[in-house]
2 protein chains.
Amino acid sequence: MLPRLLWAVEFIVACGEFVIVFLHTISREAMQAKWIYLPALSCSFRVDMVEVRVSPSLEEAHEELVRAFEARKMVVMVAECSVNYSGRTGSQLGNGERLIVLKEDGCVLVHRGRDYQPVNWQPSGCIFQSQVEKGTLVVKAIRPTPLESLTIVTENMHLLASFHLKDEAAFSLHATEEDMQRAILVQPDLIEAGLKIVDFEKKVAPGFVDIYALDREGNTVVIEIKKDPAGFPAIKQLSEYLKHLQPAPGRRLRPIIVAPSLAKGAQPVVAKMGIEFKQLGLQKAAEVLQSHASSDQKVLKGWLGS
Amino acid sequence: MLPRLLWAVEFIVACGEFVIVFLHTISREAMQAKWIYLPALSCSFRVDMVEVRVSPSLEEAHEELVRAFEARKMVVMVAECSVNYSGRTGSQLGNGERLIVLKEDGCVLVHRGRDYQPVNWQPSGCIFQSQVEKGTLVVKAIRPTPLESLTIVTENMHLLASFHLKDEAAFSLHATEEDMQRAILVQPDLIEAGLKIVDFEKKVAPGFVDIYALDREGNTVVIEIKKDPAGFPAIKQLSEYLKHLQPAPGRRLRPIIVAPSLAKGAQPVVAKMGIEFKQLGLQKAAEVLQSHASSDQKVLKGWLGS
DNA sequence: GCCTAGGTCCCGTGC
DNA sequence: GCACGGGGCCTAGGC
């Protein structure tokens, strides 16, 4: 049973640099009791760099959004909202609870409870607006080129957090198709002994030959690299290039597909068209690059060392 | 200046169904003052369906994660972490603050302060694990096929929120390339008067002809649809199909590209190859479909009406 | 499972 | 600015 005598209470909770906020009207007895029951709760506080508001009013949320936009902070919201997109095409999403992320570089993500991909979004470069309108909070993200806009109409805000992420970790490392190319460039005998690289990303037809080389006998080698199992598109692409390339007089044109494997059904076609296949995967390519990087380091150490 | 006399205080804040939590040791004077300064803060509470923990210990975070995984709740974290990915390829991301989202369907997003795309992720279908290890919180998301794993090592948790999003709004609406196809199917004279649709998504070579039709004179019409300006790839694709198609005896093969426009430089090539171009954009297609939908409704009303 | 094609794809690169 | 191709692309549809 709740006591009737009420106190207006304002808790200001400081942590490190600051801050705050816990507003409520509670009874004196509750104040002195170990357990305080409050009939409703809307509170805000900041710890470290994270400003958190739980069940803020839409006006509060709006004010915090404006501050966050000005300070170029990231914003995360859990809110009941509907979403409209208009631009290259258009979309409508009815009312429901979603996770909304606004980033400092002007991109937006609206996520539902499931799925990897956002249901609505905007790439970076948007301008954000917030306004309270007829009892709703309307957040707009407008992208200048191509001109398009995302409108989020919020009826109810469960959580709003804003903060700046300190993240200087720059290096991320992937093995990609480009690494396969680089691996072949630094170590051409991955394909075959004696191969001499002549060019890469060579423009031909409308397109680029991945690697253009000569074998020991002076034949022209045209290499198409795929990081995934190579199928008909890769074969077509390579055969297109062949039409626009000529071997040296008396020499042959040797088309080679480099990939982790051939797609199902591609093997006979490749054979029929005289295309060679050389197995190479991302992992192997990464290892080759790694070993060259370390051997380069050794060389460097040799130069610098005693 | 902080008073020295301390009280152990436990605030339990209830809202609706519940819940909670504000643990601290403060002075009696501070308790009675309007402003209470606390030297550190870690608190948790739930409002509506959102469970929020600010600066939880890693143990607390781990326990909440386990509960959330079991309850299939969405989890949002703001944390200082490093991330490793290993699978189809691999990646490493050094220590820094990120926004991490774990969804109920087993997908993961790790977002940095900038960029539309997550720096690391996992598509839906993953199994989540959480463990506290050597003073760090290790969250793993393992995807069975293809086998790959994402490992998030957290040193410091700023915010952890878990909740279930109520979102039944099912219908989302886009104008897509498929709508252009449907628009032509329901109203073939968008292309030209008298056109008779024979087939669509017709398998040919390895590929699919968007629309396959006959004109008034019995010539075979092969239509390739692009929602964006059509460039060389579209031309290539269409010309590939032509190689594998034959008109009726004495008739012609009429390749047509349907798109909002031709890409720069494509016009002469199209002309040279005898490909026709018919202008059609997403907007027009959507209007056509809309009008057909409403006319269908009218027909329906006519049947049902008085 | 594999393959094919689309996406408000996004994103980098080159012209 | 436009065009082209890659991506740990993701995702849906067929076989």
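Order of the sequence lines fixes the chain letters, A, B, ..., with proteins taken first and strands second; residue numbering starts at 1 for each chain.
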K.L.:
Is the ring of B:Y85 stacked on the base of D:dG8, with centres less than 5.5 Å apart and planes under 30° off?
P.N.:
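Stacked: ring centres under 5.5 Å, planes under 30°.
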
K.L.:
Contact class for B:F208 vs. all strands (heavy atom < 4.0 Å): base, sugar-phosphate, or nothing?
P.N.:
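Result for B:F208 = sugar-phosphate.
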
K.L.:
Separation of A:L93 atom CG from C:dT8 atom P, in whole Å?
P.N.:
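These atoms are roughly 14 Å apart.
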
K.L.:
Quick check for you: among C:dT8, D:dC4, C:dT4, whose closest atom lies nearest to any side-chain atom of A:T89?
P.N.:
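Nearest nucleotide to the side chain: C:dT8.
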
K.L.:
Is the distance from OP1 or OP2 of C:dC10 to the nearest side-chain N or O of A:R88 less than 4.0 Å?
P.N.:
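Yes, within the criterion.
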
K.L.:
Whole angstroms only, please: what is the CD-P distance between B:E224 and C:dT4?
P.N.:
15 Å

K.L.:
Of B:I225, B:I184, B:I256, B:I223, which meets side chain to side chain contact (heavy atoms under 4.5 Å, CB included) against B:K278?
P.N.:
B:I256

K.L.:
Look at the side chain of A:D115 against the base of D:dT11 and say whether a donor-acceptor pair falls under 3.5 Å; ignore hydrogens and angles.
P.N.:
no

K.L.:
Figure out the NE2/P separation between A:H174 and D:dG8, and round it to whole Å.
P.N.:
6 Å

K.L.:
How is B:Y116 classified with respect to the nucleic acid when contacts are heavy atoms under 4.0 Å: base, sugar-phosphate, or nothing?
P.N.:
sugar-phosphate

K.L.:
What's the closest nucleotide to the B:A263 side chain, out of C:dC3, C:dG6, D:dA3?
P.N.:
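Per side-chain heavy atoms of B:A263, the pick is D:dA3.
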
K.L.:
Would you check if B:V119 and B:V83 make a side-chain contact, meaning some heavy-atom pair closer than 4.5 Å?
P.N.:
no

K.L.:
To the nearest Å, how far apart are B:K227 NZ and C:dA5 C1'?
P.N.:
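Distance, rounded to whole Å: 13 Å.
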
K.L.:
Taking NZ from B:K236 and C1' from C:dA5, how many angstroms apart are they, rounded to a whole number?
P.N.:
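The answer, rounded to whole Å, is 17 Å.
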
K.L.:
Over all heavy atoms of both residues, which pair between A:A285 and A:D179 is shortest? Give the atoms and the distance, please.
P.N.:
CB-O, 4.0 Å

K.L.:
From CG of A:D228 over to P of D:dG5, roughly how many Å is that when rounded to an integer?
P.N.:
17 Å

K.L.:
Pick base, sugar-phosphate or nothing for A:K203, based on heavy-atom distances below 4.0 Å to the nucleic acid.
P.N.:
nothing

K.L.:
Strictly by Watson-Crick or wobble contacts shorter than 3.5 Å, is anything paired with D:dC15, and which nucleotide is it?
P.N.:
C:dG1

K.L.:
Nearest to the side chain of A:S91, heavy atoms from C-beta on, is which of C:dG6, C:dC9, C:dT8?
P.N.:
C:dT8

K.L.:
Starting the side chain at C-beta, find the nucleotide from C:dG7, C:dA5, D:dG6 nearest to B:T176.
P.N.:
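Looking only at heavy atoms from C-beta outward on B:T176, the closest nucleotide is C:dG7.
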
K.L.:
Is B:W121 stacked on the base of D:dG8 when the test is centres under 5.5 angstrom and planes under 30 degrees?
P.N.:
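Stack criterion met.
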
K.L.:
Cation-pi check for A:F208 against A:K203: NZ or CZ below 6.0 Å from the six-membered ring centre and within 45 degrees of the axis, yes or no?
P.N.:
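Yes, A:K203 sits over the ring of A:F208.
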
K.L.:
Which is true for B:G231 with a 4.0 Å heavy-atom rule: it touches a base, it touches only sugar-phosphate, or it touches nothing?
P.N.:
sugar-phosphate

K.L.:
If I pick the P atom on C:dT8 and the same atom on C:dT4, what distance separates them, to the nearest angstrom?
P.N.:
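Going atom to atom, P in each nucleotide, I get 22 Å.
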
K.L.:
Between D:dG5, D:dG8, D:dA3, which nucleotide gets closest to the side-chain atoms of B:P229?
P.N.:
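Between D:dG5, D:dG8, D:dA3, the one nearest the side chain of B:P229 would be D:dA3.
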
K.L.:
Please classify the nucleic acid contact of B:G207 as base, sugar-phosphate, or nothing, using heavy-atom distances under 4.0 Å.
P.N.:
sugar-phosphate

K.L.:
Nearest nucleotide by nearest heavy atom, which residue falls closer to the 5' end of DNA chain C, A:S124 or A:L150?
P.N.:
A:L150

K.L.:
Rounding to a whole Å, what distance do you find between B:M180:CE and C:dG6:P?
P.N.:
12 Å

K.L.:
Counting the atoms with a prime plus P, OP1 and OP2 as sugar-phosphate, which does B:P146 contact under 4.0 Å by heavy atoms, base, sugar-phosphate, or nothing?
P.N.:
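B:P146: no heavy atom of the nucleic acid under 4.0 Å.
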
K.L.:
Restricting to non-hydrogen atoms, name the atom on B:G231 and the atom on B:A263 that form the minimum distance, rounded to 0.1 Å.
P.N.:
CA-CB, 3.6 Å

K.L.:
Across the strands shown, which category fits B:E201 at heavy-atom distances under 4.0 angstrom: base, sugar-phosphate, nothing?
P.N.:
nothing

K.L.:
Indicate yes or no: at least one non-hydrogen side-chain atom of A:C107 is less than 4.5 angstrom from one of A:Q122.
P.N.:
no

K.L.:
Rounded to whole angstrom units, what separation is found between the CZ atom of A:R112 and the P atom of D:dC10?
P.N.:
21 Å

K.L.:
Indicate whether OP1 or OP2 belonging to D:dG6 is found under 4.0 Å from a side-chain N or O atom of A:K226.
P.N.:
yes

K.L.:
Can you check whether A:I275 reaches A:L262 side chain to side chain, under 4.5 Å on heavy atoms?
P.N.:
no

K.L.:
Assess whether one donor atom and one acceptor atom, taken from the side chain of B:E177 and the base of C:dG7, lie less than 3.5 Å apart.
P.N.:
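No.
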
K.L.:
Remember a base hit wins even if backbone is also touched, and classify A:P123 as base, sugar-phosphate or nothing at under 4.0 Å, heavy atoms.
P.N.:
sugar-phosphate

